[in-house]
Q: 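Structure provided below as structure tokens; questions to follow.
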Amino acid sequence: MNFSRSLIKWYGHNKRELPWRNTRDAYKIWISEIILQQTKVKFGLKYYLKFLQKFPTIYVLSDAKENEVLKVWEGLGYYSRARNLHYTSKFIVNNLNGKFPNTYLEILNLKGIGPYTAAAISSFAFKLPFAVLDGNVIRLLSRYFGIKVPFDNLRGKKLFQQLSQELLNDNDPDLHNQAIMEFGALICKPKLPKCDICHFNNLCYAFNYNLVKKLPVKQKKIKIKKRYINYLIIENNNFCFVKKRNEGIWRGLYEFPKIETEDSLSVPNSKDFSKYLKNKCSIIRHSDIIIHKLSHQHIFAKFWHIQSNVNQLESCIKVRFNKLSNYPFSTLILNYLKDNY
DNA sequence: TATCCGTGGTG
DNA sequence: TCACCAAGGAT
């Protein structure tokens with residue numbers, strides 16, 4: 001039995017029951033694949049169920065407001081996925097008569113869909129012979145074949161993609177792709193892989209040469225920036241002010257007006273405050289420093305509660321405290337609101 | 001092409 | 001505690 005057949009047989013006996021595996025509906029498969037990008041299955045599952053409940057068809061999604069889509073996505077991270085999903089739903093409804101494209105290249109051309117997702121949808125929804133290459137596949141191939149080429153550069157990616165495609169079972173590309181990813185997720189794991197019960201250990205290069213912990217090889221290291229942000233919760237009776245982010249991290253989400261400083265979180269000086277508060281105001285209290293860690297930056301945040309009589313703020317909207325939950329916020333702000341209101 | 005984009009789990 | 005990583009893609 002060849003590599004692919006063995007994987008598919010293992011998959012048949014060991015797979016997890018997941019809702020997107022019981023459908024050929026390209027819309028549902030698309031949603032699941034976008035949600036699962038850089039996201040653990042267990043975490044993404046609840047968002048998948050919530051998303052399809054709220055947006056059961058591509059038409060419902062295309063009719064929604066961006067705020068609604070981001071609200072459902074709230075807490076999941078990588079919010080451009082939600083914005084692109086929304087954009088592409090409109091594109092398909094308006095230009096493709098609501099019919100999800102059924103060729104690899106057409107799918108690949110959709111916004112938010114790259115090589116991995118195009119191969120996944122092509123194979124799962126249409127049984128087209130395109131091999132997926134994700135973190136699971138890279139790890140498995142790297143170990144099994146003893147590939148020491150770093151995967152996080154163009155040469156490495158091409159090498160792994162080609163190998164992945166060569167191994168593909170053209171008769172069952174859908175099962176093959178599911179199986180190889182599931183095997184990577186459950187057996188050939190990043191840490192403490194289950195080599196003792198692995199069907200392939202006798203033929204696995206890394207296992208035989210004690211290189212399991214060294215493979216795959218990653219070249220680059222990420223650099224982490226530090227940022228210092230004071231959020232101003234400006235209260236006027238039952239109202240406060242928020243504004244929509246238009247760039248950078250958390251684009252499309254809402255936040256309180258803020259004062260960002262360079263080196264540390266000092267008390268904002270009166271000049272900074274007066275930019276926002278021309279009328280009388282008083283600081284009621286402030287939070288401790290909250291450290292919010294993201295993949296590329298550590299944010300040191302402080303929330304300032306300010307009593308004021310201002311009725312409008314530039315580029316801000318005025319929102320009742322009990323209506324804040326209608327707007328999408330970052331997890332950083334969400335956690336703070338949850339603990340303090 | 002290097003960097004940016006989130007959050008939570010893991011050992 | 002902390003570095004690493006997850007069904008990656010856009011710019």
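Side chains included, hydrogens not; waters and symmetry mates left out as well; all remaining heavy atoms used. Order of the sequence lines fixes the chain letters, A, B, ..., with proteins taken first and strands second; residue numbering starts at 1 for each chain.
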Q: Nearest to the side chain of L154(A), which nucleotide is it out of dG8(B), dG9(C), dT1(B)?
A: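 So the nucleotide nearest the side chain must be dT1(B).
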Q: Which residue lies toward the 5' end of DNA chain B, K191(A) or D152(A), if each is placed at its nearest nucleotide?
A: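 So the residue in question is D152(A).
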Q: At under 4.0 Å between heavy atoms, what does W73(A) touch on the DNA or RNA strands: base, sugar-phosphate, or nothing?
A: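 W73(A): no heavy atom of the nucleic acid under 4.0 Å.
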Q: What integer distance in Å separates N109(A):CG from dA10(C):P?
A: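 The answer, rounded to whole Å, is 10 Å.
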Q: Can you find an N or O donor on one side and an acceptor on the other, under 3.5 Å apart, linking the side chain of S295(A) with the base of dG6(B)?
A: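 Check passes, donor-acceptor contact within cut-off.
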Q: When the distance from CD1 of I222(A) to P of dC4(B) is rounded to whole Å, what number comes out?
A: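 Rounded to the whole Å, the gap is 10 Å.
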Q: Could you measure between the two C1' atoms, the one in dA6(C) and the one in dC5(B), and give it in whole Å?
A: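 These two C1' atoms come out 14 Å apart once rounded.
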Q: Determine whether a donor-acceptor pair (N or O, by modelled atom type, separation under 3.5 Å) exists between the side chain of Q165(A) and the backbone of A131(A).
A: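 Yes.
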Q: Using a 4.0 Å heavy-atom cut-off, does G184(A) contact any base of the nucleic acid, only the sugar-phosphate backbone, or nothing at all?
A: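 The answer is nothing, as G184(A) stays clear of every strand by at least 4.0 Å.
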Q: Between atom CG in L110(A) and atom C1' in dA10(C), what is the gap in whole Å?
A: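 That distance rounds to 14 Å.
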Q: Using the ring centroid of each side chain, check whether Y205(A) and F145(A) are separated by less than 6.0 Å.
A: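 Between Y205(A) and F145(A), the centre distance exceeds or equals 6.0 Å.
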Q: Run the numbers on F100(A) and Y27(A) for ring-ring contact (aromatic ring centres under 6.0 Å, His included), then give the verdict.
A: CA-CA 7 Å; F100(A) 204 93; Y27(A) 173 70; 8.2 Å; no
Q: Taking atom types as modelled and ignoring hydrogens, do the side chains of R5(A) and N2(A) form a donor-acceptor contact shorter than 3.5 angstrom?
A: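 Their side chains do not contain a donor-acceptor pair, so the 3.5 Å distance test is not met.
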Q: Find which nucleotide of DNA chain C each of K221(A) and I113(A) is nearest to by heavy atoms, and output the residue with the more 5' nucleotide.
A: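 With K221(A) and I113(A) compared, the 5'-side residue is K221(A).
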Q: Between K189(A) (NZ) and dG11(B) (P), how many Å, whole number?
A: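 So the two atoms are 6 Å apart, to the nearest Å.
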Q: Do the side-chain N or O atoms of Q38(A) get closer than 4.0 angstrom to the phosphate oxygens (OP1, OP2) of dG8(B)?
A: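 Indeed not, no polar side-chain atom of Q38(A) lies that close.
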Q: State which of dG8(B), dA7(C), dG8(C) makes the closest approach to the side chain of V41(A).
A: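 Closest nucleotide among those given: dA7(C).
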Q: Between dG6(B), dG11(B), dG8(B), which one does the side chain of Y79(A) approach most closely?
A: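 For the Y79(A) side chain, the nearest candidate turns out to be dG6(B).
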Q: Using the P atoms only, state how far dG8(B) lies from dG9(C), rounded to an integer number of Å.
A: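 Those two atoms are separated by 22 Å.
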Q: Of all the choices, dC5(C), dG11(B), dC5(B), which nucleotide is nearest to the side chain of H296(A) once you look at every atom?
A: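 My answer, after comparing the listed nucleotides, is dC5(B).
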Q: Between dA7(C) and dT3(B), how far is it from one P atom to the other, in whole Å?
A: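 My reading of the P atoms in dA7(C) and dT3(B) gives 25 Å.
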Q: From the list dC5(C), dC5(B), dT7(B), which nucleotide is the closest neighbour of the side chain of R139(A)?
A: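 Looking only at side-chain atoms, R139(A) lies closest to dC5(C).
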Q: In terms of side-chain geometry, is the basic nitrogen of E255(A) or R245(A) positioned less than 4.0 Å from the acidic oxygen of its partner?
A: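 Yes, charged N to carboxylate O under 4.0 Å.
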Q: Considering every strand and a 4.0 Å limit on heavy-atom distances, what is the contact class for F43(A): base, sugar-phosphate, or nothing?
A: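 If one applies the 4.0 Å heavy-atom cut-off, F43(A) turns out to touch the sugar-phosphate alone, with no base involved.
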Q: Contact class for K293(A) (heavy atom, under 4.0 Å): base, sugar-phosphate, or nothing?
A: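 Base contact - K293(A) has a heavy atom under 4.0 Å of at least one base atom.
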Q: Give G248(A) one of three labels, base, sugar-phosphate or nothing, depending on what nucleic acid heavy atoms sit under 4.0 Å from its own.
A: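 Sugar-phosphate, no base atom in range.
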Q: With no hydrogens and no angle check, do the side chains of Q178(A) and R21(A) hold a donor and an acceptor under 3.5 Å apart?
A: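 Distance-only check passes for Q178(A) and R21(A).
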Q: Apply salt bridge (Lys or Arg N to Asp or Glu O under 4.0 Å) to residues K71(A) and E68(A) and explain how you reach the verdict.
A: CA-CA 5 Å; K71(A) 187 66 193 175; E68(A) 295 180 85; over 6 Å; no
Q: Side chain of R21(A) only, heavy atoms from C-beta on: which candidate in dA7(C), dC2(C), dG8(C) is closest?
A: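 The closest nucleotide is dA7(C).
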Q: Rounded to whole Å, please give me the gap between CD in Q37(A) and P in dG8(B).
A: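 Taking atom P of dG8(B) as the reference, CD of Q37(A) is at 18 Å.
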Q: Would you indicate what Q178(A) reaches in the nucleic acid, counting non-hydrogen atoms under 4.0 angstrom: base, sugar-phosphate, or nothing?
A: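 Answer is base: heavy atoms of Q178(A) come under 4.0 Å of a base.
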Q: With a 4.0 Å limit, can you tell me whether W250(A) has a side-chain N or O closer than that to the phosphate oxygens OP1/OP2 of dT7(B)?
A: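 For dT7(B), OP1 or OP2 has a side-chain N or O of W250(A) closer than 4.0 Å.
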Q: Using a heavy-atom cut-off of 4.0 Å across all strands, would you classify T117(A) as base, sugar-phosphate, or nothing?
A: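 Sugar-phosphate only.
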Q: For L192(A), report the nucleic acid contact type (base, sugar-phosphate, nothing); a contact means any heavy atom under 4.0 Å.
A: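 L192(A): backbone/sugar contact only, no base atoms under 4.0 Å.
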Q: Out of dA7(C), dC4(B), dG11(B), which has the shortest distance to the side chain of K225(A)?
A: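 Closest nucleotide to the K225(A) side chain: dC4(B).
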Q: Kindly give the heavy-atom pair with the smallest separation between R83(A) and R251(A), and that separation in Å.
A: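 The pair with the smallest heavy-atom distance is NE-O, 3.3 Å.
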Q: Regarding K220(A), tell me which of base, sugar-phosphate or nothing describes its non-hydrogen contacts under 4.0 Å with the strands shown.
A: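 Touches sugar-phosphate only.
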Q: Between dA6(C), dT7(B), dA10(C), which one does the side chain of N84(A) approach most closely?
A: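 So the nucleotide nearest the side chain must be dA10(C).
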Q: Choosing from dT7(B), dC5(B), dA3(C), which nucleotide comes nearest the side chain of I249(A)?
A: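 Among dT7(B), dC5(B), dA3(C), the one nearest the side chain of I249(A) is dC5(B).
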Q: For I138(A) and dA7(C), give me the distance from atom CD1 to atom P, rounded to whole Å.
A: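 Interatomic distance, CD1 of I138(A) to P of dA7(C): 11 Å.
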Q: In whole angstroms, how far is the C1' atom of dT7(B) from the CD1 atom of I224(A)?
A: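 These atoms are roughly 14 Å apart.
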Q: How would you label the contact of L76(A) with the nucleic acid (heavy atoms, under 4.0 Å): base, sugar-phosphate, or nothing?
A: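 The answer is base, as L76(A) lies within the cut-off (heavy atoms under 4.0 Å) of a base atom.
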Q: With a cut-off of less than 4.0 Å, is there a side-chain N or O of S80(A) near OP1 or OP2 of dA10(C)?
A: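 For dA10(C), neither OP1 nor OP2 has a side-chain N or O of S80(A) closer than 4.0 Å.
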Q: Take the protein atom CG of L186(A) and the nucleotide atom P of dT10(B), then report the distance between them rounded to whole Å.
A: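 From L186(A) CG to dT10(B) P: 13 Å.
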Q: Heavy atoms under 4.0 Å, any strand shown: does L294(A) hit a base, just sugar-phosphate, or nothing?
A: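 The residue L294(A) makes base contact.
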Q: Is it the case that dG6(B) (base atoms only) and Y78(A) (side chain only) share a donor and an acceptor within less than 3.5 Å, ignoring hydrogens and angles?
A: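 Counting by modelled atom types and ignoring angles, a donor-acceptor contact under 3.5 Å is found here.
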Q: Could you work out which one of dT11(C), dA7(C), dC2(C) sits closest to the side chain of K111(A)?
A: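 Of dT11(C), dA7(C), dC2(C), dT11(C) is nearest to the side chain of K111(A).
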